[in-house]
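Everything on this sheet refers to the single structure shown next.
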Amino acid sequence: MPELPEVQTIVSALRDGGRGAPSISGKQIVSTKIAWQKTVAHPDLITFQEKITGEEIREIHRRGKFIWIKLRSAHLFIHLRMSGDLRVEPSTSPLQSHDRMWFEFSDGLRLVFNDARKFGRVWLVDDPNQIIGNLGPEPLDETLSPEQFHERLLTYRRQIKPLLLDQRFLAGVGNIYSDEALFLAQIHPRRLSHTLNQEESTRLLSAIRQVLEEGIQKNGASIDWVYRGGEFQNSFRVYQRTGEPCLNCGAPIERITVGQRGTHFCPKCQIFDCD
DNA sequence: AGGGAAACCCGAACGC
DNA sequence: TGCGTTCGGGTTTCCC
């Protein structure tokens, strides 16, 4: 279930060669194979393949949940959604089940996009704003002040949890991290955004940063076997702890639905005291 | 404006 | 044991 921390971990590996994987910076793409057509969020596969062949990988970044690979004259974006994964290996390695797309480099290595649930997508665009133009600020960007964050909250009249999940409001927060952050900040997931005061907003921003940094430090979360990811799932405070005691007060954690999403919270610590 | 539902997927977990 | 059913993750799109 890749969200921001998982993406960040993979980006670091691709860019700096973490986790034992070689960096792919500077490599030349000699061919592209597409095993599952819908992986490419692009109307024309032929154009996609022709356009990317011969391109060189310049820089690797992250914006929100998107992996952003800058090429010589285009931008490749990859969204892993829940079950996507990337690996770098020799082109002679056997392919694995659920490998959906791979890029072969001139030096004999390849980058493979594996995605059991076929949710992930890949884009090739000229203008990065086509993909990331509407994303909200990065929560880990230090220039996002608690005051600015509070102001942004006031411009909406929405339940706080769906707002946190809205990538136009804030980029990179997914279901696990919003539950964890709201618990840390002791805010009910259905609180309306414009009712949060400055102190609560500051608490919430700090909590979001804390859980994201924890996730990154532990190489991400995974609620199931699909993603070969990290250890954060062993540190959930509320997520998937329905009925288990709250770590603050011992009350049983409840699970409700908010904005169509499974939502875990402590009914005693996160009181719905709207306005 | 904001909320709800449906669609996209498939493997795990559950019920019988 | 072996079926069939339900669920959930992120996002978009459509409808009220």
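First the proteins, then the strands, lettered A, B, ... as listed; each starts at 1.
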message: According to side chain to side chain contact (heavy atoms under 4.5 Å, CB included), who are the partners of A:Q148, at least two apart in sequence or on a separate chain?
response: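 A:Q148: side chain to side chain contact (heavy atoms under 4.5 Å, CB included) contacts with A:L144, A:S145.
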Of the candidate nucleotides [options], which contains the atom at the shortest distance from the side chain of [X]?
X: A:L192; options: C:dT11, B:dC9, B:dG3; value: B:dG3
X: A:K38; options: B:dC8, B:dC10, C:dG9; value: B:dC8
X: A:K118; options: C:dG9, B:dG2, B:dC10; value: B:dC10
X: A:Q159; options: C:dG8, B:dC9, B:dG4; value: B:dG4

- prompt: Going by an N to O cut-off under 4.0 Å, is there a salt bridge joining A:R63 and A:E138?
  reply: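 Salt bridge present between A:R63 and A:E138.
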message: If the threshold is 4.0 Å, N to carboxylate O, is there a salt bridge linking A:D107 and A:K27?
response: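 The answer is yes: the pair qualifies as a salt bridge.
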query: Going by the angle between their ring planes, with limits at 30° and 60°, are A:F48 and A:F103 parallel, tilted or perpendicular?
result: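 Plane angle between 30° and 60°, so tilted.
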Parallel, tilted or perpendicular: ring planes of A:F77 versus A:W68, cut at 30 and 60 degrees: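 The arrangement is parallel - the two ring planes meet at less than 30°.
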field: Whole-Å gap separating P (B:dA12) and CD (A:Q240)
entry: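 Result: 15 Å.
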- prompt: How long is the line joining CG of A:L165 and P of C:dT11, in whole Å?
  reply: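 To the nearest whole Å, that distance equals 8 Å.
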For nucleotides 12-16 of chain C, which of its nitrogen or oxygen atoms have a protein nitrogen or oxygen under 3.5 Å away, and what is each distance?
none

message: The criterion is side chain to side chain donor-acceptor pair (under 3.5 Å); which residues satisfy it with A:D127, sequence neighbours excluded?
response: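 Once residues adjacent in sequence are excluded, A:D127 has no partner under the side chain to side chain donor-acceptor pair (under 3.5 Å) criterion.
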- request: Check every strand shown and say whether A:R255 touches a base, only sugar-phosphate, or nothing at a heavy-atom separation below 4.0 Å.
  value: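 It contacts sugar-phosphate atoms only.
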message: Classify A:R157 by what it touches in the nucleic acid, base, sugar-phosphate, or nothing, heavy-atom distance under 4.0 Å.
response: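 The answer is sugar-phosphate, as A:R157 gets under 4.0 Å only of primed atoms, P, OP1 or OP2.
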